[in-house]
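The structure under discussion appears below in the form of structure tokens.
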Amino acid sequence: MIFRTATRQDLPVVLALLAQDDKAAAGTPAIPRAGGFSEVSEAHERAFAAIEADARNELLVLEEDGAVVGCLQLTYIPGLGQGGRDRALVEAVRIRADRRGGGLGAELMGLARERARQQGCGLMQLTSDKRRSAAHRFYERLGFTRSHEGFRLPLT
């Protein structure tokens with residue numbers, strides 16, 4: 001297993017991982033594209049470039065035998081709480097569907113936790129779609145606790 005920063009070449013497979021779970025959460029069957037890749041739009045290109053250029057953001061992948069099997073995004077947020085220590089926000093945690101259940105998700109999150117510690121973070125936090133009950137059980141097994149109720153407001 002290789003845990004590394006994503007490159008532009010990883011973007012189509014990362015998008016496919018995200019789409020696979022988004023469709024499952026919505027109750028819509030995922031329609032795989034050729035080779036398990038998703039189309040990359042200009043908006044995706046801009047977002048990836050912004051993540052890549054920002055020292056407080058990392059898109060990370062887990063690679064096995066030359067194939068990306070998992071991903072997540074870490075954002076380091078400065079704050080006055082936690083004694084002025086940064087917090088790590090974890091988003092877009094995904095493991096390829098055919099590789100789930102074998103411990104890869106726990107390994108990916110453990111590597112992310114260590115990376116956040118190395119960055120000086122005092123806390124790691126995440127939000128999860130309310131429809132992803134299996135993901136909630138997974139995070140609780142890793143020691144995450146439900147502490148807040150999330151809210152969102154679409155701006156477009």
Side-chain angles (χ1 to χ4, degrees), residues 1-26 28-79 82 85-129 131-145 150:
M1 285 298 156
I2 299 171
F3 183 59
R4 62 174 175 78
T5 301
T7 66
R8 167 55 187 86
Q9 289 73 29
D10 298 318
L11 192 51
V13 72
V14 168
L15 293 173
L17 289 170
L18 297 175
Q20 183 179 28
D21 270 6
D22 290 345
K23 289 185 181 291
T28 307
I31 301 169
R33 297 180 68 85
F37 300 106
S38 285
E39 188 173 323
V40 178
S41 71
E42 286 183 34
H44 294 127
E45 294 282 5
R46 284 191 303 272
F48 181 79
I51 292 167
E52 194 173 44
D54 184 349
R56 291 194 162 274
N57 268 288
E58 294 187 284
L59 182 60
L60 302 165
V61 295
L62 191 60
E63 181 182 312
E64 177 183 56
D65 297 327
V68 171
V69 295
C71 66
L72 61 78
Q73 182 177 344
L74 279 178
T75 302
Y76 307 109
I77 305 169
Q82 300 285 313
R85 295 178 78 184
D86 286 359
R87 65 185 63 222
L89 176 64
V90 185
E91 296 186 284
V93 179
R94 300 293 191 275
I95 295 294
R96 202 174 68 198
D98 67 328
R99 298 294 289 126
R100 291 184 192 149
L104 289 180
E107 183 176 348
L108 179 63
M109 290 297 289
L111 292 165
R113 183 174 42 247
E114 185 54 36
R115 191 139 180 149
R117 280 189 187 124
Q118 291 170 357
Q119 292 289 327
C121 294
L123 176 75
M124 198 158 103
Q125 65 187 32
L126 56 84
T127 60
S128 183
D129 190 308
R131 298 170 292 186
R132 299 183 71 216
S133 57
H136 302 165
R137 290 188 301 274
F138 167 73
Y139 295 130
E140 288 170 339
R141 280 194 309 270
L142 296 179
F144 285 84
T145 58

(message) Against Arg4, only a single residue in Val68, Leu111, Leu62 fulfils side-chain contact (heavy atoms from CB on, under 4.5 Å); can you say which?
(response) Val68
(message) Give me the atom names and distance for the closest heavy-atom approach of Glu39 to Leu15.
(response) O-CD1, 3.8 Å
(message) To check you understand the geometry: which heavy-atom pair defines the closest contact between Ala112 and Leu72, and what is its length?
(response) CB-CD2, 3.7 Å
(request) Considering non-hydrogen atoms only, spot the tightest contact between Ala6 and Phe48 and give its length. (result) O-CZ, 3.8 Å
(message) Please report the interatomic distance CG(Leu74) to SG(Cys121), rounded to the nearest 0.5 Å.
(response) 8.0 Å
(message) Any non-hydrogen side-chain atom of Phe144 less than 4.5 Å from a side-chain atom of His136?
(response) no
(message) For Tyr76, is there any backbone N or O sitting under 3.5 Å from a side-chain donor or acceptor partner on Arg56?
(response) yes
(message) Just so I know, are the side chains of Leu126 and Met109 near enough to count as touching, which here means a heavy-atom distance under 4.5 Å?
(response) yes
(message) Is a donor from one side chain sitting under 3.5 angstrom from an acceptor on the other, for His44 and Ser41?
(response) yes
(message) Looking at Glu42, I want to see if its CD is surrounded by more than 12 non-hydrogen atoms of other residues, nucleotides or ligands under 6.0 Å.
(response) no
(message) Give me the atom names and distance for the closest heavy-atom approach of Asp86 to Pro78.
(response) OD1-CA, 3.2 Å
(message) Measuring from atom CD of Glu107 to atom CD of Glu64, what distance do you get when rounded to the nearest 0.5 angstrom?
(response) 9.0 Å
(message) Could you report the tightest heavy-atom contact between Ile95 and Leu108, atom names first, then the distance?
(response) CD1-CD2, 3.9 Å
(message) Are Arg96 and Leu104 packed together at the side-chain level, in the sense that at least one heavy-atom pair is separated by less than 4.5 angstrom?
(response) no
(request) Would you indicate whether the side-chain heavy atoms of Gln73 and Asn57 approach each other to under 4.5 Å? (result) yes
(request) Look up atom CG in Leu59 and atom OG1 in Thr5, then write down how far apart they are to the nearest 0.5 Å. (result) 8.5 Å
(request) Return the minimal non-hydrogen interatomic distance between Gln20 and Ala97, and the atom names on each side. (result) NE2-CB, 3.0 Å
(message) Any salt bridge linking Arg117 with Glu114? Criterion: basic side-chain nitrogen under 4.0 Å from a carboxylate oxygen.
(response) yes
(message) What's the separation between atom CD in Glu45 and atom CG in Leu11, rounded to the nearest 0.5 Å?
(response) 6.0 Å
(request) Taking the side chain as every heavy atom from C-beta outward, state whether Val40 and Arg8 have any pair of such atoms under 4.5 Å apart. (result) yes
(message) Let's go through Leu123 and Arg85 carefully: what are the C-alpha distance in whole Å and the side-chain angles of both, what is the deciding distance for side chain to side chain contact (heavy atoms under 4.5 Å, CB included) to 0.1 Å, and is it a yes or a no?
(response) CA-CA 8 Å; Leu123 176 75; Arg85 295 178 78 184; over 6 Å; no
